[in-house]
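This report refers to the structure that appears directly beneath it.
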Amino acid sequence: MHFDKSLAWRYGILAVVVLAVLIYPAAVWHGLLALVGIGLPLILGAAIAYCVNILCRLLERLLWPHTTNQLARGLRRPVAIIASFAIIVLVLAGVLHLVLPQFIDAINNFLTQLPKVLSDLNRWLTHSDQASAIAKQLNALKIDWTSLQGKLTKYVSPGASGVLASTVSIFGNITSGIINLVLALTFAIYLIAGKERIGNRLNRVLDAFVPAKPLAKFRYVIGVTDSVFSSFIAGQVTEAVILGTLCTLGMLLFRFPDALSVGALIGITGLIPMVGAWIGGTIGFVLIAVTNPLQGVLFIIFIIILQQLEGNIVYPRVVGTSIGLPGVAVLAAVTIGSGLGGVLGMLFGVPVAATIYKLIANATHRREAGKAEA
C-alpha cells in the first residue's frame, strides 16, 4: 500500500489547526484580529481597488477604444485611474460643499438662539406654577445634594486628569489612520495598474501547487462571486442616485429647506444598504429643526415614508435585478445579515446571498440538463 507523505502532511496540519481552534478559541481569535490589524492597509487597499476598478474598466472602454497608437494605448490605464479617483473625490467634495456650510449655519443659529432659550426657560422656572410643583416634589424626595455632588466630583476628577492622555491617544489614532489610508490608496493604485500581471503570477502559483480539479471549481466560484459583487456595487450606486433624487424632489415638493444639500447627503449615505437613508435623515433633521422644529418633525415623517418605499420597493427591485436575486430574498438577506453581523452583515449579506443563490441555480440547471440527456 502506497503511503502519500504529502497527503499525510496536509491532514496533519489540518488536524493541528482544528485542535488549536477547539482548545484555544480566544487565543486564535485574538491572533486573527492581530493579523487583520497588521494587514489592514492591504485589506483596505484591495477593497478600494476592487470598487474603483469597476469605474476604471468602464472608462478604459470609453477612452479611444479603437486607437492603434502605442502612446495612447499606454496612457489609457493611467488616465482611467486618475479620472476614476478624480470623479470619486469630486463627488464627495461636492456633497461636503453643499452640506457643511448648511450644517455650520445650523449650529451657529442654534448657538445664537441658545441665550434666548435659556432666558425663556429661566423665566418659566421662576414664574410657572408647574415649575413650583416640580420643585416641591424634588424637596419631598429629600435628595442629599451634597453627597451627590461629592460622588460626581469623584467620578469627574479622574476623567479630567486623563484628558491629556486621551488627546495624545486621539492624535495618535488620527495619524495612524492617515498613514494607513495613504498606504491603502498606494496599494490600490498598484493593484489596478498591474492587475493583469498580478493575476498571471497568482495563476501560475495556483497552477503549480493546487490540483487541477479543485482549482477549476475554485476559479468558477471566484468568477461567480466577482460577477455578483460587481453587479451589486453598480446596483447600489444606482439605488443611491434614485434615493437622493427622490428625496430632493420630495423636499422641493413639500417645500423643506436645504433640499439639494440634504438630498445629495442622503444619496451618498444611501450607499450603505437600508440604513443609509436614516443616517442622512438624522443630519437633515438637525439642519431643518434648528430653524424650524415643526418642519424638522415633518421631515422625519417624510423620511420614514421614503425609507419604507425605498426599502420595500426600490431597493429589492433595483439591487435584486442587478444581481439576479428575487426581492423577497434581498429583504431576507438584509435582515439575516444585520442580525449576524450588524452593519457589515447588512452590507455583505445581499451579495453573499446572491452568490450562493447563483451557484445553487447553476448547479440545479446542470443536474436538470444531465437528467434530461440521460
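Numbering of residues begins at 1 and proceeds along the displayed sequence.
Linking ILVMFWY side-chain heavy atoms closer than 4.5 Å, directly or via other members, places Ile82 and Leu185 in two distinct hydrophobic clusters. Using a 4.5 Å cut-off between side-chain heavy atoms of Ile, Leu, Val, Met, Phe, Trp and Tyr, with links allowed through other members, Leu246 and Ile304 fall into the same hydrophobic cluster. Note on Ile360 and Tyr357: same hydrophobic cluster, where clusters join Ile, Leu, Val, Met, Phe, Trp and Tyr whose side-chain heavy atoms are under 4.5 Å apart, directly or indirectly.
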Original post:
Can you check side chain to side chain contact (heavy atoms under 4.5 Å, CB included) on Asn180 and Leu44, steps first, answer last?
Top reply: CA-CA 9 Å; Asn180 286 339; Leu44 181 60; 5.8 Å; no
Open item on the list: One pair to check against side chain to side chain contact (heavy atoms under 4.5 Å, CB included): Ile266 and Met251. What are the steps and the verdict?
Closed with: CA-CA 12 Å; Ile266 288 181; Met251 291 182 69; 5.8 Å; no
### Message
For a side chain to side chain contact (heavy atoms under 4.5 Å, CB included) check, start with the C-alpha distance between Leu58 and Arg61, then their side-chain angles and the critical distance, and finish with the verdict.
### Response
CA-CA 5 Å; Leu58 175 63; Arg61 289 195 294 267; 3.9 Å; yes
Taking it one step at a time, do Thr355 and Phe232 satisfy side chain to side chain contact (heavy atoms under 4.5 Å, CB included)?
-> CA-CA 10 Å; Thr355 301; Phe232 170 74; over 6 Å; no
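Of the residues listed (Val262, Leu287, Leu298), the one engaging Phe256 in a side chain to side chain contact (heavy atoms under 4.5 Å, CB included) is Leu298, and it is the only one.
Residues meeting the side chain to side chain contact (heavy atoms under 4.5 Å, CB included) test with Ile38, sequence neighbours left out: none. By the side chain to side chain contact (heavy atoms under 4.5 Å, CB included) test, Ile268 is found to be paired with Val91, Leu92, Val95, residues two or more places apart in sequence or in another chain being considered. Looking at residues two or more places apart in sequence or on another chain, you find no side chain to side chain contact (heavy atoms under 4.5 Å, CB included) involving Leu90. Annotation: side chain to side chain contact (heavy atoms under 4.5 Å, CB included) contacts of Phe285 (sequence neighbours excluded): Ala289, Phe299, Ile300.
Applying the salt bridge (charged side-chain N to carboxylate O under 4.0 Å, His left out) test to pairs two or more places apart or on separate chains, those with a residue in residues 185-206 are Glu60-Lys195, Arg77-Glu196. Annotation: side-chain hydrogen bond (donor to acceptor under 3.5 Å, both in side chains) contacts involving residues 241-266, sequence neighbours excluded, are absent.
Taking CG of Leu252 as the start and CG of Leu260 as the end, the distance is 8.0 Å to the nearest 0.5 Å. Separating the OG atom in Ser231 from the NZ atom in Lys358 is a distance of 6.5 Å, to the nearest 0.5 Å. Here the CD1 atom belonging to Ile301 is positioned 11.0 Å from the CZ atom belonging to Phe254, to the nearest 0.5 angstrom. Remark: Arg73 CZ to Leu75 CG distance equals 12.5 Å, nearest 0.5 Å.
Phe229 and Tyr50 have perpendicular rings, their planes meeting at more than 60° on a 0 to 90° scale where under 30° would count as parallel.
The hydrophobic cluster containing Leu191, built from Ile/Leu/Val/Met/Phe/Trp/Tyr side-chain heavy atoms closer than 4.5 Å, also comprises Leu42, Phe187, Tyr190, Ile198, Leu202. Other members of the hydrophobic cluster containing Leu183, listed by chain and number, are Ile179; membership follows side-chain contacts under 4.5 Å among ILVMFWY residues, whether direct or relayed. Side-chain contacts under 4.5 Å among hydrophobic residues (ILVMFWY), followed directly or transitively, place Leu249 with no other residue at all.
Here the shortest heavy-atom pairing between Leu63 and Arg76 reads O-NE, 3.1 Å. Annotation for Ala184 and Ile48: closest pair CB-CD1, 4.4 Å, computed over non-hydrogen atoms. Summarising the geometry of Ile54 relative to Ser230, their closest heavy-atom pair is CD1-CA, 3.9 Å, with the distance given to 0.1 Å. For Gly45 against Ala188, the heavy-atom pair with the smallest separation is O-CB, 3.3 Å. Taking both residues in full, the closest heavy atoms of Leu59 and Ala83 are given as CD1-CB, 3.8 Å, listed atom of the first, atom of the second, then distance. Taking every heavy atom of both residues into account, Ile303 and Cys247 meet most closely at CD1-SG, 4.3 Å.
Inter-residue side-chain proximity for Leu243 and Leu306 is flagged as met; some heavy-atom pair is nearer than 4.5 Å.
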Donor-acceptor list for residues 211-223 side chains, cut-off 3.5 Å, not counting sequence neighbours:
from	atom 1	to	atom 2	distance (Å)
Arg219	NH1	Asp207	OD1	3.3
Arg219	NH2	Asn203	OD1	3.3
Arg219	NH2	Asp207	OD1	3.0
Tyr220	OH	Asn362	ND2	3.0

